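Fair warning: this is a prediction, and the values are worked out from it, not measured in the lab. Sequence lines set the chain letters: A, B, ... in the order given, protein chains first and strands last, and positions in each chain run from 1. FYI, side chains are in, hydrogens and waters are out, and symmetry mates aren't considered; it's all heavy atoms of this structure.
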Amino acid sequence: MPELPEVETVRRGLAPAMEGRTILRAEQRRPDLRWPLPKRFAERLTGRRVLRLGRRAKYILADLDGGETLIVHLGMSGRMLVSGGMLGEFVHAHGGDGKHDHVILDMEGGARIVFNDARRFGAMDLWPSERIGEHWLLKDLGPEPLSNGFNGDWLAARLSGRFTPVKAALLDQKIVSGLGNIYVCEALHRAGISPKRMAGSISAARIGRLAEAINATIADALAAGGSSLRDYRQADGELGYFQHSFLVYDREGESCRREGCGGTVRRVAQSGRSSFYCASCQR
DNA sequence: ATGTGTTCCTGTCCGC
DNA sequence: TGCGGACAGGAACACA
């Protein structure tokens, strides 16, 4: 489900219920998500205070006292739902189905956090905070959009010599992290670059514009609280609204939204995933 | 090393 | 309504 803007929106929704609060009770309702959960998972969470809730790419990172960090990845269908809390401080937005509620955290202050994930492509792990960058899921991640390490020069260096469609390259989390199918499609349209163009064949100037388009797309999506497809909701039950701003994603057959273009949005399959683009203004 | 296809899992939607 | 197939916001993995 979630790409960087959605994960960051979830993080912001969870922060008031989790930061500075102790996990009073943790419940693990199945042994595994995508991978087995760590040994004694619930015991290691119980009684720990959340010092800080952070994010790296599509991972939520909860630094706990005692020196461990809880790593959470939402996969395609994962959600972190908040309910309860005193004095209406937190919205009652559970919306979970019980059946796919895999991990439950009862927080000091009365909030309940439910990790719900029907498809179970999500993951959780515990890892020493001091060496968080060495975790196997995090160690090879490239810079994120809007960070100092991400710019046209970096992107040009990483795309150089690549004989793969630029669409596939931008989905590669080692090149730039946090993007997924939606925002790659959106950024490529914004930059006027076809998803089918070979990564290594794009001029440095156009790659510079692509890096700017990626940053602008992510910044706009963050400001809108991410995108709500189907019934996806933020942690507090609110809907993001960036989906109303989609230029191409999920708009097959509709007209291109670029000023004066007049083209029609097409959908093509690339490495098993849908790419949406306008053949008139994306080259 | 790099590129591509498969796989994990469940739910929903669309056409017959 | 039921049924089959396509498809879904991810990404590790096996293999060429």
Side-chain angles (χ1 to χ4, degrees), chain A residues 1-11 30-37 55-60 71-80 95-102 115-125 135-142 145 157-187 195-201 217-218 221-222 224-235 239-243 245-246 248-253 267-276:
Chain A
M1 157 179 37
E3 307 179 32
L4 189 160
E6 289 74 38
V7 176
E8 175 60 19
T9 300
V10 168
R11 188 200 68 77
R30 55 173 301 130
D32 60 319
L33 297 172
R34 179 169 183 174
W35 297 287
L37 286 161
R55 180 189 57 75
R56 173 75 173 100
K58 301 174 191 174
Y59 296 87
I60 292 172
I71 303 171
V72 180
H73 193 272
L74 301 175
M76 289 279 261
S77 56
R79 311 178 197 186
M80 293 284 272
D97 47 22
K99 188 174 170 184
H100 301 297
D101 293 348
H102 305 312
F115 178 84
N116 175 283
D117 184 9
R119 295 180 72 182
R120 234 182 303 128
F121 291 166
M124 288 194 186
D125 202 2
H135 191 277
W136 63 289
L137 290 168
L138 306 177
K139 66 184 174 63
D140 294 324
L141 290 172
R158 300 311 307 270
L159 297 186
S160 168
R162 293 297 208 104
F163 287 88
T164 192
V166 62
K167 167 75 186 301
L170 294 180
L171 285 174
D172 182 347
Q173 304 295 300
K174 294 191 279 297
I175 292 179
V176 52
S177 65
L179 300 180
N181 208 31
I182 291 178
Y183 297 111
V184 167
C185 290
E186 293 298 299
K196 295 192 285 190
R197 174 159 297 281
M198 286 294 126
S201 78
T217 299
I218 294 300
L222 279 170
S227 306
S228 295
L229 271 55
R230 299 168 194 81
D231 60 350
Y232 166 72
R233 282 164 187 272
Q234 301 174 19
L239 295 169
Y241 53 88
F242 190 73
Q243 66 276 12
S245 302
F246 285 168
V248 287
Y249 186 81
D250 210 16
R251 297 190 65 244
E252 182 181 16
R267 181 170 71 89
V268 294
Q270 287 185 285
S271 49
R273 317 207 50 198
S274 289
S275 292
F276 298 89

Which sits closer to the 5' end of DNA chain B, P165(A) or R30(A), going by the nucleotide each is nearest to?
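Going by which nucleotide is closer to the 5' end, it is P165(A).
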Got [X] and [Y] here, is their nearest side-chain heavy-atom distance under 4.5 Å?
X	Y	value
E3(A)	I182(A)	yes
I175(A)	R162(A)	yes
E186(A)	S245(A)	no
R55(A)	L4(A)	yes
I218(A)	L179(A)	yes

Under 4.0 Å between a side-chain N/O of [X] and OP1 or OP2 of [N], yes or no?
X	N	result
Y249(A)	dG9(C)	yes
K99(A)	dT10(B)	no
R34(A)	dT7(B)	no
R267(A)	dC7(C)	yes
K174(A)	dA11(C)	no
S77(A)	dC9(B)	no
Q173(A)	dG10(C)	no
K58(A)	dG10(C)	yes
H100(A)	dT10(B)	no
S227(A)	dG9(C)	no

Complement of dC9(B), any strand, by Watson-Crick or G-U distances under 3.5 angstrom
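Paired with no nucleotide.
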Counting only Watson-Crick pairs (N1-N3 plus N6-O4 or O6-N4) and G-U wobbles (N1-O2, O6-N3), all under 3.5 Å, who is the partner of dG9(C)?
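Matched dG9(C) with nothing under the 3.5 Å cut-off.
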What is the distance from [atom1] of [X] to [atom2] of [N], rounded to the nearest Å?
X	N	atom1	atom2	answer
D117(A)	dA8(C)	CG	P	18 Å
N116(A)	dG11(B)	CG	P	10 Å
W35(A)	dC13(C)	CH2	C1'	10 Å
R56(A)	dA11(C)	CZ	P	12 Å
D172(A)	dC13(C)	CG	C1'	14 Å
H73(A)	dC8(B)	NE2	C1'	14 Å
E186(A)	dG9(C)	CD	P	12 Å
D250(A)	dC14(B)	CG	P	11 Å

Can you check the distance between [N] and [M], where both ends of the measurement are the [atom1] atom (answer in whole Å)?
N	M	atom1	value
dA6(C)	dT6(B)	P	13 Å
dA1(B)	dA11(C)	P	22 Å
dC9(B)	dC3(C)	P	23 Å

Of the listed nucleotides (dA12(C), dG9(C), dT2(B)), which one gets closest to any side-chain atom of R162(A)?
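From the listed options, dT2(B) comes nearest.
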Taking the side chain of W136(A) as heavy atoms from C-beta outward, which of dG9(C), dG10(C), dA12(C) is closest to it?
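My answer, after comparing the listed nucleotides, is dA12(C).
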Validation row, ring centre Y249(A) to ring centre F242(A) under 6.0 Å
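Ring centroids of Y249(A) and F242(A) are no less than 6.0 Å from each other.
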Parallel, tilted or perpendicular: ring planes of H102(A) versus F115(A), cut at 30 and 60 degrees
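Answer is tilted, since the angle falls between 30° and 60°.
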F121(A)-dA11(C) aromatic stacking (under 5.5 Å, under 30°):
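No, aromatic ring not over the base.
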Can you check whether any acceptor in the base of dA8(C) is under 3.5 Å from a donor in the side chain of R119(A), or vice versa?
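Answer is yes: a donor-acceptor pair is held.
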Classify the nucleic acid contact of [X] as base, sugar-phosphate or nothing, counting any heavy atom under 4.0 Å across all strands shown.
X	result
G272(A)	nothing
F163(A)	sugar-phosphate
R120(A)	sugar-phosphate

